[in-house]
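Working notes, beginning with the structure itself.
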Amino acid sequence: MLYGEHDRHLSRIEQRLGVRISSRGNRATISGGAEATGLAESVLRALWQRLERGDATGMAEVEAALRMADGPAEDPRLPLADMPAIRTRKGAIAPRSRTQASYMDMLQQQEMVFGVGPAGTGKTYLAVAQGVALLMAGRVDRIILSRPAVEAGERLGFLPGDMKEKVDPYLRPLYDALHDMMPADQVARRIVSGEIEIAPLAFMRGRTLAHSYAILDEAQNTTPAQMKMFLTRMGEGARMVITGDPTQVDLPPGQKSGLVEALSILDGVDGIGITRFAEADVVRHPLVGRIVQAYGRAEAAAGGQSDGRPMRGKIRE
């Protein structure tokens with residue numbers, strides 16, 4: 001279980017760290033430079049600790065352990081057992097990068113958190129997981145999940161059905177994350193009871209969100225007025241998480257993103273935490289990371305469009 005089928009886990013560690021791992025039974029020998037062999041040992045020990053706790057260990061966990069080990073030397077948070085975890089009824093959710101670990105710390109400590117960065121870095125998923133954990137523990141009364149219903153080249157009015165049926169496709173990623181944390185029947189029951197509310201951003205105006213955990217996803221598509229409106233909904237005992245990618249703005253040309261403005265205005269305000277993810281933090285699939293990097297290189301080479309907006313080739317969350 002540690003080595004993987006046909007030693008595929010060991011092969012990946014060798015490829016990533018430039019070491020040689022020879023295994024004979026329950027003994028593994030690591031050969032290579034001193035720093036690389038030390039990192040390989042840290043990775044194997046972290047994976048072994050997962051197995052001792054009864055946690056699954058596959059290629060995703062191997063990649064996570066490599067990401068954790070191959071980071072700044074001044075970050076002392078190894079082995080992975082020392083990392084934060086979000087506990088739901090479906091098990092503990094552990095970070096898969098050092099930035100995710102910092103983000104999870106921030107979600108636990110701050111009342112308002114911004115998570116910004118490329119697609120596939122886990123911004124929304126971890127925010128939903130933290131909300132579910134707080135709801136299960138009775139620390140909040142309800143979870144409110146919201147998104148601006150902004151089209152990425154499509155037109156909302158041409159979708160069939162009533163308003164709920166029109167906006168549901170925009171909120172589908174939030175439903176998907178919820179179903180990863182809770183059984184489907186429980187999600188449905190809590191939505192009916194109002195413990196979980198999923199609504200477009202436009203429905204937030206005039207409300208005060210007390211004792212709630214509110215997530216604003218795809219926040220790069222808010223206008224400055226919409227962003228200020230959402231942030232000022234915060235009531236007693238509430239927590240808020242705002243996630244988005246400033247490089248994937250779908251607003252009309254010339255319209256400033258509320259997320260970009262908020263990041264500049266609120267940076268350094270007491271009680272607000274900001275986590276910035278980078279291309280290296282993409283955890284969805286190795287190919288997604290390479291796609292994000294390729295788009296980044298293309299945008300840098302093009303120097304952006306004349307109006308300063310990012311290229312319109314987008315990888316959706």
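Between His9 and Leu2, the closest heavy-atom pair is ND1-O, 3.0 Å. Taking each heavy atom of Ala129 and Met181 in turn, the nearest pair found is CB-CE, 3.6 Å. Here the shortest heavy-atom pairing between Pro224 and Gln255 reads CD-NE2, 3.8 Å. Closest approach of Ala119 to Asp245, counting heavy atoms only: N-OD2, 3.9 Å. Here the closest non-hydrogen pair linking Met227 and Ala262 is CG-CB, 3.8 Å. Of all heavy-atom pairs spanning Val249 and Ser257, the tightest one is CG2-CB, 4.2 Å.
Ile242 and Val269 end up in the same hydrophobic cluster when Ile, Leu, Val, Met, Phe, Trp and Tyr side chains are linked at under 4.5 Å. Criterion: ILVMFWY side-chain heavy atoms under 4.5 Å apart, direct or through other members. Under it, Met59 and Val19 are not part of a common hydrophobic cluster. Hydrophobic clustering (ILVMFWY, side-chain heavy atoms < 4.5 Å, transitive): Leu231 and Val260 are in distinct clusters.
Within the 3.5 Å criterion, the main-chain N or O of Pro118 finds a donor-acceptor partner in the side chain of Lys123. Side chain of Gln186 to backbone of Pro183: no donor-acceptor contact under 3.5 angstrom is found. Between the side chain of Arg147 and the backbone N or O of Pro200 there is no donor-acceptor pair closer than 3.5 Å. Lys256 contributes no side-chain N or O that, together with a main-chain N or O of Glu261, makes up a donor-acceptor pair within less than 3.5 Å.
Annotation: the span from Gln226 atom CD to Leu259 atom CG amounts to 12.5 Å, rounded to 0.5 Å. Of the inter-residue distances, the one linking Leu126 atom CG with Thr243 atom OG1 reads 10.5 Å to the nearest 0.5 angstrom. Annotation: the span from Met112 atom CE to Asp270 atom CG amounts to 12.5 Å, rounded to 0.5 Å. Separation of atoms OH (Tyr3) and CG (Leu47) is listed at 12.0 Å; rounding is to 0.5 Å. To the nearest 0.5 Å, atom OG1 of residue Thr223 and atom CE of residue Met229 are 8.0 Å apart. Between Asp7 atom CG and Ile21 atom CD1 the span is 9.0 Å, to the nearest 0.5 Å.
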Checklist line | side-chain contact (heavy atoms from CB on, under 4.5 Å) between Ile272 and Val113, intermediate numbers included | finding: CA-CA 6 Å; Ile272 297 178; Val113 175; over 6 Å; no
Notebook entry, point to check: Does the pair Ile198 and Ile143 meet the rule for a side-chain contact (heavy atoms from CB on, under 4.5 Å), with working shown?
Noted result: CA-CA 8 Å; Ile198 304 178; Ile143 299 173; over 6 Å; no
Item checked: Test side-chain contact (heavy atoms from CB on, under 4.5 Å) applied to Gln248 and Asp250, step by step -> CA-CA 6 Å; Gln248 295 194 61; Asp250 296 314; 5.7 Å; no
Check: Between Ile215 and Val128, does a side-chain contact (heavy atoms from CB on, under 4.5 Å) hold up when you go through it step by step?
Finding: CA-CA 8 Å; Ile215 299 173; Val128 173; 3.8 Å; yes
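Residues satisfying the salt bridge (Lys or Arg N to Asp or Glu O under 4.0 Å) criterion with Arg142, sequence neighbours excluded, are Glu197. Looking at residues two or more places apart in sequence or on another chain, you find no salt bridge (Lys or Arg N to Asp or Glu O under 4.0 Å) involving Glu111. Remark: Glu52 pairs with Trp48 by the side chain to side chain donor-acceptor pair (under 3.5 Å) rule, at least two apart or across chains. Every residue two or more places apart in sequence or in another chain that forms a side chain to side chain donor-acceptor pair (under 3.5 Å) with Thr99 is listed here: Asp281. Residues satisfying the side-chain contact (heavy atoms from CB on, under 4.5 Å) criterion with Ser146, sequence neighbours excluded, are Leu201, Met204, Leu216. Partners of Asn26 under the side-chain contact (heavy atoms from CB on, under 4.5 Å) rule, at least two apart in sequence or in another chain, do not exist in this structure. Scanning for side-chain contact (heavy atoms from CB on, under 4.5 Å) contacts around Glu195 gives Leu135, Arg190, Ser193, with sequence neighbours left out. Evaluation of the side chain to side chain donor-acceptor pair (under 3.5 Å) rule for Gln15 yields Arg12 as partners, not counting sequence neighbours. When the salt bridge (Lys or Arg N to Asp or Glu O under 4.0 Å) test is applied to Arg20, the partners found at least two apart in sequence or on another chain are Glu14. Here Arg239 pairs with Leu134, Arg139, Tyr213 under the side-chain contact (heavy atoms from CB on, under 4.5 Å) rule; sequence neighbours left out.
Side chains of Leu178 and Leu145 form a contact here, defined as non-hydrogen atoms less than 4.5 Å apart. Counting only heavy atoms from C-beta outward, the side chains of Met234 and Thr208 never approach each other to under 4.5 Å. Using a 4.5 Å heavy-atom threshold, the side chains of Asp141 and Ser212 count as separate. Met240 places a side-chain heavy atom less than 4.5 Å from the side chain of Phe230. Proximity of Met104 to Gln130: side-chain heavy atoms (C-beta onward) are nowhere separated by under 4.5 Å. Leu39 has its side chain out of reach of Val43: every pair of non-hydrogen atoms, C-beta onward, lies at least 4.5 Å apart. Side-chain contact between Ile191 and Tyr175: present, with at least one pair of heavy atoms (C-beta onward) separated by less than 4.5 Å. Put simply, the side chain of Leu263 reaches to within 4.5 Å of the side chain of Arg276, judged on heavy atoms.
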Validation: residues 27-37 side-chain donor-acceptor distances under 3.5 Å, sequence neighbours left out:
{"unit_1": "Thr37", "atom_1": "OG1", "unit_2": "Gly33", "atom_2": "O", "d": "2.9"}
{"unit_1": "Thr37", "atom_1": "OG1", "unit_2": "Ala34", "atom_2": "O", "d": "2.9"}

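The ring pair (Phe, Tyr, Trp, His ring centres under 6.0 Å) pairs that include a residue from residues 240-283 are Tyr103-Phe277, where partners are two or more places apart or lie in different chains.
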